[in-house]
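Residue numbers start from 1 in every chain, and the chains themselves are labelled A, B, ... in the order their sequence lines are given, proteins ahead of strands.
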2 protein chains.
Amino acid sequence: MTEATATKASRRADAQRNYDRLLVVAREAVAARGADIVLEDIARDAGVGIGTLYRHFPTRQDLLEATFLDEAVELREYAEKLAHEADALGALVSWLRQQIDFGAHGRSMGSAVMNAKHTEGSEINSACVAMRESGDVLLKRAQAAGVVREEVNLLDVLRLIHAIVIANEQSPDPDQVQRMLDLVIAGMLT
Amino acid sequence: MTEATATKASRRADAQRNYDRLLVVAREAVAARGADIVLEDIARDAGVGIGTLYRHFPTRQDLLEATFLDEAVELREYAEKLAHEADALGALVSWLRQQIDFGAHGRSMGSAVMNAKHTEGSEINSACVAMRESGDVLLKRAQAAGVVREEVNLLDVLRLIHAIVIANEQSPDPDQVQRMLDLVIAGMLT
DNA sequence: ACCTGAACACCGTTCAAGT
DNA sequence: ACCTGAACACCGTTCAAGT
């Protein structure tokens with residue numbers, strides 16, 4: 001799988017290398033210990049000064065969003081693959097399940113994504129929009145098949161899914177997470 | 001309404017007064033600005049040293065849980081009142097709605113309660129257990145009336161409700177919150 | 001038994017100086 | 001144009017001294 005990293009033609013080569021290093025380190029840190037990463041540690045492990053981190057990611061949110069970029073891309077690809085499955089409801093459920101698994105793995109990604117004030121036109125913003133669009137296809141198919149209620153809205157469902165992720169960050173009980181997901185899915189059905 | 005404050009016969013009068021003051025200030029602060037309260041500010045506004053705050057509330061979590069005590073008591077009373085209503089489902093829905101309203105008002109109370117490792121026998125623990133018990137009556141009634149599925153579990157529902165609260169702390173959109181709640185309720189129905 | 005607040009530690013953020 | 005890291009600020013937490 002190719003890593004999705006922001007690339008600007010205008011960026012100097014060393015700047016791009018620092019950007020990439022920061023992102024790699026941040027991804028590992030977030031996956032291991034959650035969103036409460038220590039920015040100084042990230043900079044040190046990436047071999048750059050703390051000021052460089054701030055130059056590339058002015059806010060913690062910016063760094064977290066960038067960290068999520070890969071997963072947003074994967075989730076879009078996954079949705080596109082699922083769109084060809086015969087079982088429309090099963091496809092939608094699998095996709096939502098994957099959202100939770102990514103969230104659980106990447107810890108506070110749910111929060112990062114949910115609170116994202118994605119800058120218009122930014123790469124992370126495009127990736128999220130694309131992810132939602134392909135997810136919406138899955139929802140629409142399930143609705144067309146008559147198994148999901150027409151009023152159900154993708155943004156509401158995703159937010160609920162991410163809420164589950166956030167709520168289960170501290171002491172995750174996989175069985176309870178599954179039951180909570182089942183409740184939400186049951187709520188979508190006709 | 002009488003304020004529910006932890007009271008120990010063994011506690012010295014001045015200690016009790018400090019405890020109460022800290023709680024009053026903390027409640028105001030949490031209601032106004034959320035769970036990210038600055039402990040030193042709480043202590044200063046309560047007119048006590050920071051060490052006194054730590055003596056009474058060894059962890060931030062302890063303080064937040066104590067802050068929620070009043071609401072837990074109210075939620076139990078409300079559930080008991082609702083238990084006499086004819087409309088079993090309506091009663092349950094009203095109670096869940098109140099959980100969200102309290103959470104939205106008190107901000108991160110959802111998180112505080114959800115992650116509570118309530119010490120066995122503590123006042124806040126008893127209050128939460130009592131709240132859940134009277135809430136469970138509402139759920140059981142709705143199930144007995146045949147409108148809510150038998151497999152639905154109160155703890156799962158409450159956790160989902162609190163997840164909604166947490167997820168909507170930053171930029172609450174009342175309409176979306178309502179739709180998310182509606183989804184969960186729809187998921188409970190037979 | 002309880003309170004105080006100085007002291008320490010940790011971490012986020014800025015910015016002047018350097019390449 | 002970008003990087004560095006010292007410097008500052010803020011806040012959490014402890015603990016010796018006091019009542």
Nearest-angstrom distance from the residue atom [atom1] of [X] to [atom2] of [N]:
X       : N      : atom1 : atom2 : value
B/Arg21 : C/dC3  : CZ    : P     : 11 Å
B/Ile50 : D/dT14 : CD1   : P     : 11 Å
B/Phe57 : C/dC2  : CZ    : C1'   : 15 Å
B/Arg44 : D/dG12 : CZ    : C1'   : 15 Å
A/Leu64 : C/dG12 : CG    : P     : 11 Å
A/Arg55 : D/dG5  : CZ    : P     : 16 Å
A/Arg60 : C/dC11 : CZ    : P     : 11 Å
B/Asp36 : C/dG12 : CG    : C1'   : 14 Å

#### Entry: Phosphate-side-chain proximity, A/His56 and D/dC2, N/O vs OP1/OP2 below 4.0 Å
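Result: no.
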#### Entry: OP1 or OP2 of D/dC3 under 4.0 Å from side-chain N/O of A/Asn18
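The answer is yes; a side-chain N or O of A/Asn18 sits under 4.0 Å from OP1 or OP2.
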### Query
Considering every strand shown, what is the Watson-Crick or G-U wobble mate of C/dT4 when both distances are under 3.5 Å?
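WC or wobble partner is D/dA16.
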### Query
What is the pairing partner of D/dC10, taking Watson-Crick or G-U wobble pairs with both distances under 3.5 Å in any strand?
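D/dC10 is unpaired by these criteria.
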### Query
More 5' along DNA chain D: A/Glu40 or A/Thr52, using each one's nearest nucleotide?
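It is A/Thr52, whose closest nucleotide lies nearer the 5' terminus.
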### Query
Are A/Asp175 and A/Arg179 within salt-bridge range, i.e. N to O under 4.0 Å?
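A/Arg179 and A/Asp175: not salt-bridged.
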### Message
Between B/Arg132 and B/Asp136 (salt bridge meaning N to carboxylate O under 4.0 Å), is one present in this structure?
### Response
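So B/Arg132 does not pair with B/Asp136 through a salt bridge.
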### Verdict with reasoning, B/Thr190 to B/Val148, per side-chain contact (heavy atoms from CB on, under 4.5 Å)
CA-CA 5 Å; B/Thr190 44; B/Val148 167; 5.7 Å; no
Within the structure shown, what part of the strands sits under 4.0 Å from [X] by heavy-atom distance: base, sugar-phosphate, or nothing?
X       : answer
A/Leu39 : sugar-phosphate
A/Leu53 : nothing
A/Ile37 : sugar-phosphate

### Task
Would you kindly compare A/Tyr54 and B/Gly47 by the position of their nearest DNA chain C nucleotide and give the one closer to the 5′ end?
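Looking at the nearest nucleotide for each, B/Gly47 comes out on the 5' side.
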### Query
Of all the choices, D/dT4, D/dC2, C/dC3, which nucleotide is nearest to the side chain of A/Val48 once you look at every atom?
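Looking only at heavy atoms from C-beta outward on A/Val48, the closest nucleotide is D/dT4.
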### Query
Within a strict 4.5 Å, meaning less than it, do heavy atoms of the A/Leu92 and A/Met188 side chains meet?
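Yes, their side chains come closer than 4.5 Å.
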### Message
For A/Arg149 and A/Gln143, which I'm curious about, is there any donor-acceptor pair between the side chains at under 3.5 Å?
### Response
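No - no donor-acceptor pair under 3.5 Å links their side chains.
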